[in-house]
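Everything on this sheet refers to the single structure shown next.
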Amino acid sequence: MKNVAVIGAGTMGNGIAHTFAQSGFKVQLIDISEASLKRGMDTISKNLDRMVAKEKITEADKAKTLSNITTFTNINEGVEYASLVVEAATENIDLKLKIFKQLDDACPEDTILASNTSSISITQIAAVTSRPKMVIGMHFMNPVPIMKLVEIIRGYNTSDEVTNTIMELSKQLGKTPTEVNDYPGFVANRILMPMLNEAIETLYNGVAGVEEIDTVMKLGMAHPMGPLQLADFIGLDICLSILNVMYDGFKNPKYAPCPLLVNMVMAGKLGVKSGEGFYDYSESRKAEKVAKQFLK
Ligand SMILES: NC(=O)c1ccc[n+]([C@@H]2O[C@H](COP(=O)([O-])OP(=O)(O)OC[C@H]3O[C@@H](n4cnc5c(N)ncnc54)[C@H](O)[C@@H]3O)[C@@H](O)[C@H]2O)c1
């Protein structure tokens, strides 16, 4: 496997492209937005600079990694020679189904189609293609170049062969793949999101303030980041969408998103990416400080 196409150059897509390119793969990074592609490439370049400064890689490694990435705004052109496509577009079911139909038509018939979705059913995504055996979840964690886990989600029809190929490939990226089955939220978010939602509910009920809630969880539970800061970091829109998928999927009120989360997303307060969430990231220095603290 040499050519990997990545759909979406946002928070996750640029990290996934960076990781494959640094491991020697040729990456076609695809986004409908030129501006996102530019921002994504700038982020990759800055993250590589940080690795050079820490002497984890050389300037030559940085140049090689960047030269392995080509950008596209047209999906069909970007996936033409791909052995694997990793989709990391916006978390929206209709959008993902549309993209996978298009990928199924545009890709060679032996191309494996993976989604980085946080919560949408891999089985449902696979069902709109003519190759459900070759559709799989490859759930990277944020920030992708740093985090070791890849949650590998087997859809109802995903074959053993494709699962094994993707497990091995993830190891080649220096990651630790972990196989799970396809139920709402998979494992990572089924456990994480109710905790983040409960932290928001605790704030909503006036039990404590933002910093107090995060301090309790950081110092009391040894979490590297408080739950409200983590929700900001993930993106409040993403958190809301994952909770809704679990709420609908299990028909269980315990996954109902807190009204405060719903309001904040409607008001455009999405966390780090919009400049404000539970914390204020409006000065670029502040956002950078948060990112650096986590990327240490
Ligand atoms: N943010 C996280 O911490 C996190 C963690 C794990 C998984 N995920 C999942 O990764 C995926 C991407 O999330 P993100 O946080 O990177 O989102 P994001 O909003 O940062 O980026 C999404 C990108 O997709 C692009 N896009 C939208 N429609 C497209 C299309 N038709 N073709 C190509 N590109 C398109 C957008 O222009 C944008 O650049 C989602 O499925 C999300 O659930 C997110």
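Residues take their numbers from the sequence shown, with the count starting at 1. These numbers come from the heavy atoms of this one structure, side chains and all, not from hydrogens, waters or symmetry mates.
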Can Asp280 and Ser282 be counted as having a side-chain donor-acceptor contact under 3.5 angstrom? yes

Which heavy-atom pair separates Gly13 from Val6 by the least distance, and what is that distance? O-CG1, 3.7 Å

Does the pair Asp105/Lys101 count as a salt bridge with the N-to-O cut at 4.0 Å? no

State plainly whether one hydrophobic cluster holds both Ile93 and Leu113, where clusters connect Ile, Leu, Val, Met, Phe, Trp and Tyr through side-chain heavy atoms under 4.5 angstrom apart. yes

Does one side chain, of Asn76 or Gln102, offer a donor that lies under 3.5 Å from an acceptor on the other? yes

Would you say the side-chain atoms of Asn181 and Tyr156 include a donor-acceptor pair closer than 3.5 Å? no

Qualifying salt bridge (Lys or Arg N to Asp or Glu O under 4.0 Å) pairs, either residue in residues 58-81, two or more places apart: Asp49-Lys62

If you measure only the distance, is there a donor-acceptor pair under 3.5 Å linking the side chains of Asn3 and Lys26? no

I need the minimum non-hydrogen distance between Lys148 and Gly174, along with the two atoms involved. NZ-O, 3.2 Å

Identify the heavy atoms of Val79 and Ile30 that sit nearest to each other, and give their distance. CG1-CD1, 3.8 Å

Provide the full list of ring pair (Phe, Tyr, Trp, His ring centres under 6.0 Å) pairs with a residue in residues 172-217, sequence neighbours left out, each pair given once. none

Just by distance, do the side chain of Glu87 and the backbone of Ala89 share a donor-acceptor pair under 3.5 Å? yes

With distance as the sole test, does Asp237 use its side chain to make a donor-acceptor pair with the main-chain N or O of Val265 at under 3.5 Å? no

For Arg154, is there any backbone N or O sitting under 3.5 Å from a side-chain donor or acceptor partner on Thr158? no

Lys98 side-chain N/O to Leu95 backbone N/O, donor-acceptor pair under 3.5 Å: no

Using only atom types and a distance under 3.5 Å, with no angle test, would you say the side chain of Asn14 pairs donor to acceptor with the backbone of Ile44? no

Could you check, using the six-membered ring where one of them is a Trp, whether Tyr247 and Tyr255 have ring centers closer than 6.0 angstrom? no

For Asp110 against Arg131, the heavy-atom pair lying closest together: N-NH1, 4.4 Å

Side chains of Glu91 and Ser119: donor-acceptor distance under 3.5 Å anywhere? yes

